[in-house]
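So the structure is just underneath, and the comments pick up after that.
As the structure lists them, so they are numbered: ligands from 1, and atoms in each ligand from 1. Position 1 is the first residue of the sequence; numbering continues from there.
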Amino acid sequence: MTAMTSAASSSASSSARPLLNRRLAEFGTTVFAEMSALATATGAINLGQGFPDTDGPEQVREAAVRALRDGRGNQYPPGPGIPELRTAIAAHQSRRYGITLDPDREVLVTAGATEAIAASLLALVEPGDEVIALEPYYDSYAASIAMAGGTRVPVTLRPRDGAFRLDLDELRDAVTPRTRLLLLNTPHNPTGTVLTRAELTAIAELAVERDLLVVTDEVYEHLTFDDAEHIPLATLPGMRERTVTIGSAGKTFSFTGWKVGWVTAAPDLVTAARSAKQFLTYVSAGPFQYAVAEALRLPDSYFDAFRADMTTKRDLLAAGLTDAGFTVFRPRGTYFITTDVRPLGHDDGLAFCRTLPERCGVVAIPNAVFYDDREAGAPFVRFAFCKRPEVLADAVGRLRKAFAH
Ligand SMILES: *Cc1c(COP(=O)(O)O)cnc(C)c1O
């Protein structure tokens with residue numbers, strides 16, 4: 001009796017056991033929160049978090065307003081997403097990549113790519129399964145793998161000839177009998193690497209040989225530069241039936257607050273993802289789904305102009321960072337530039353980013369937070385260039401003044 005009482009009271013006092021469960025214990029607050037708070041406190045230019053500082057096309061915004069006013073999507077939309085959007089997603093994949101999808105069975109609308117990733121992993125990973133992810137990795141991957149009870153196995157992209165490259169032998173060696181799934185991202189955040197056809201072919205052969213599923217995060221599919229080409233993994237031989245492809249309107253149409261994303265895959269994979277998704281959010285973003293359907297039907301000229309605009313911005317920031325003395329890894333995709341701060345006399349990117357706002361009024365993100373192997377990521381720092389040209393020019397001026405001699 002006494003023992004029971006004391007056991008009950010000690011657990012109620014919460015000192016016996018941490019509140020946050022073991023799966024999530026390693027994910028405290030994200031570095032984005034810390035750096036954005038620093039930006040606010042110091043009035044610095046925030047090139048940390050990757051969101052555009054101008055909204056997407058007026059026509060698409062108006063489509064959302066119309067949907068709201070007309071009462072379309074103000075109540076729970078259908079679980080898999082509204083038919084108009086699923087049809088538009090399928091048409092987009094067909095028009096751009098020649099992928100044929102059944103909008104009813106092979107497309108699932110999600111609350112951003114973030115939910116698409118979480119739902120896919122929660123549905124496909126058993127506790128104890130190994131999930132291989134390219135490192136540095138987008139921060140939600142590690143948390144989603146952990147929530148699914150999976151074991152994260154990073155394969156590190158390493159700098160070679162001015163770019164971060166995947167070592168295919170390392171990838172091959174990382175596969176074990178417990179590997180269930182490869183989690184890819186191309187174009188790759190934060191390094192700006194775009195996987196080539198040769199690399200994707202090797203990955204596809206490995207997936208087929210070892211019977212692996214692949215979840216591929218292609219949210220930057222429309223942001224490739226120079227001669228880089230985005231090739232969806234699902235188009236390669238043997239991959240259509242084992243690949244879950246993830247897209248998002250946030251990055252492509254500059255509406256990151258709308259959180260409209262999607263999964264496209266073979267019917268059984270979509271059904272699996274939907275099984276998890278229905279108990280995460282069930283549905284979301286009703287009126288915005290109508291607007292995104294319209295956005296996806298924009299002519300090629302929209303996508304071309306978007307890419308051209310981001311190319312100019314990349315060049316502006318890359319030139320400024322180079323002048324200031326950073327080593328710049330010129331991105332072939334995404335809207336991020338990864339730099340090496342060692343030429344500036346620093347070898348710890350986290351410490352560098354903590355003092356940067358005070359020092360010159362600019363906020364950046366230390367890539368080390370995207371690594372299990374913190375050492376491998378230590379000297380690298382990421383800057384976002386999805387900002388207005390005058391903002392980038394201001395940031396570049398500040399960096400030059402602080403670092404260039
Ligand atoms: C921004 C981003 C996401 C999240 O997309 P949402 O649609 O906002 O959820 C997923 N993956 C990568 C690589 C990203 O950069």
Side-chain angles (χ1 to χ4, degrees), residues 30-33 36 46-53 55-56 60 81 85 89 92 107-122 131 133-145 147 154 157 164 166 182-195 214-224 230 232-233 244-264 273 276-277 280-281 283-285 288-289 291-292 295-296 306 310 314 331-338 365 367 369-371 382-387:
T30 74
V31 73
F32 295 101
S36 290
N46 193 350
L47 302 186
Q49 209 166 5
F51 59 87
D53 61 356
D55 286 345
V60 176
L85 178 53
I89 291 164
H92 171 271
V107 180
L108 172 68
V109 176
T110 56
T114 307
E115 189 192 38
I117 294 158
S120 302
L121 293 168
L122 287 167
V131 176
L134 305 185
E135 175 182 82
Y137 43 73
Y138 184 65
D139 60 346
S140 88
Y141 297 175
S144 286
I145 294 167
M147 287 191 279
L157 304 182
F164 283 79
L166 172 63
L182 303 179
L183 178 49
L184 293 185
N185 171 215
T186 184
H188 183 264
N189 170 9
T191 64
T193 291
V194 178
L195 295 175
V214 184
V215 173
T216 171
D217 177 346
E218 304 185 357
V219 301
Y220 296 102
E221 63 190 304
H222 289 286
L223 281 177
T224 55
H230 172 67
L233 187 71
V244 176
T245 304
I246 291 171
S248 172
K251 308 295 162 56
T252 297
F253 300 109
S254 301
F255 290 113
T256 58
W258 290 8
K259 296 296 284 190
V260 177
W262 49 86
V263 165
T264 54
K277 184 259 182 316
L280 292 173
T281 57
V283 293
S284 60
F288 297 128
Q289 291 192 28
V292 172
L296 283 165
F306 180 57
M310 285 295 179
R314 175 198 65 166
R332 288 164 53 78
T334 78
Y335 44 50
F336 300 104
I337 293 179
T338 284
I365 295 290
N367 284 22
V369 301
F370 306 127
Y371 286 79
R382 187 193 83 174
F383 295 83
F385 57 83
C386 47
K387 310 291 175 183

| task | Record the part of Asn185 in heavy-atom contact with ligand 1 below 4.0 Å; permitted values are side chain, backbone, both and neither. | result | side chain
| request: Please report which non-hydrogen protein atom sits nearest to atom 8 (O) of ligand 1, along with the residue it belongs to and the distance in Å to one decimal place. | output: Lys259 NZ, 3.3 Å
| said: Would the distance check show the side chain of Tyr138 and the main-chain N or O of Asn189 forming a donor-acceptor pair, the cut-off being under 3.5 Å? | reply: no
| How far apart are the closest heavy atoms of Val219 and Gly247, and which atoms are they? | CG1-C, 4.1 Å
| atom 6 (P) of ligand 1 - nearest protein heavy atom and its distance | Ala113 N, 3.4 Å
| request: Give yes if a backbone or side-chain nitrogen or oxygen of Ser248 is under 3.5 Å from a nitrogen or oxygen of ligand 1, and no if not. | output: yes
| note | Nearest heavy-atom approach of Lys277 to Ala111 is NZ-N, 4.1 Å
| message | Taking distance alone, with N or O pairs closer than 3.5 Å, would you say Thr256 contacts ligand 1? | response | no
| task | Check the angle between the aromatic planes of Trp258 and Phe288 and answer parallel, tilted or perpendicular using the 30° and 60° thresholds. | result | parallel
| message | Ignoring hydrogens, what is the shortest heavy-atom contact between Gly48 and Ile365? Give both atom names and the distance. | response | CA-CG1, 3.5 Å
| Does Thr110 use its side chain to pair, donor to acceptor, with the backbone of Glu115 at less than 3.5 Å? | no
| query | How far is atom 9 (O) of ligand 1 from its nearest protein heavy atom, and which residue and atom is that? | reply | Thr114 OG1, 2.6 Å
| said: Quick check on Gly250 - does any of its heavy atoms sit under 4.0 Å from an atom of ligand 1? | reply: no
| query | Could an N or O of ligand 1 be found under 3.5 Å from any N or O of Tyr141, whether backbone or side chain? | reply | no
| query | Do ligand 1 and Val219 have nitrogen or oxygen atoms that lie under 3.5 Å from each other? | reply | no
| message | How far is atom 13 (C) of ligand 1 from the closest protein heavy atom, and which atom is that? | response | Asp217 OD2, 3.3 Å
| note | heavy-atom search around atom 15 (O) of ligand 1 in the protein gives Tyr220 OH, 2.6 Å
| said: Just to confirm my output: which protein heavy-atom neighbour is closest to atom 14 (C) of ligand 1, and how far is it? | reply: Lys251 NZ, 3.1 Å
| Heavy-atom distance under 4.5 Å between the side chains of Phe306 and Phe253, does that happen here? | no
| said: For the residue pair Lys251 and Phe51, would you count it as a cation-pi contact if the rule is NZ or CZ under 6.0 angstrom from the ring centre and within 45 degrees of the ring axis? | reply: no
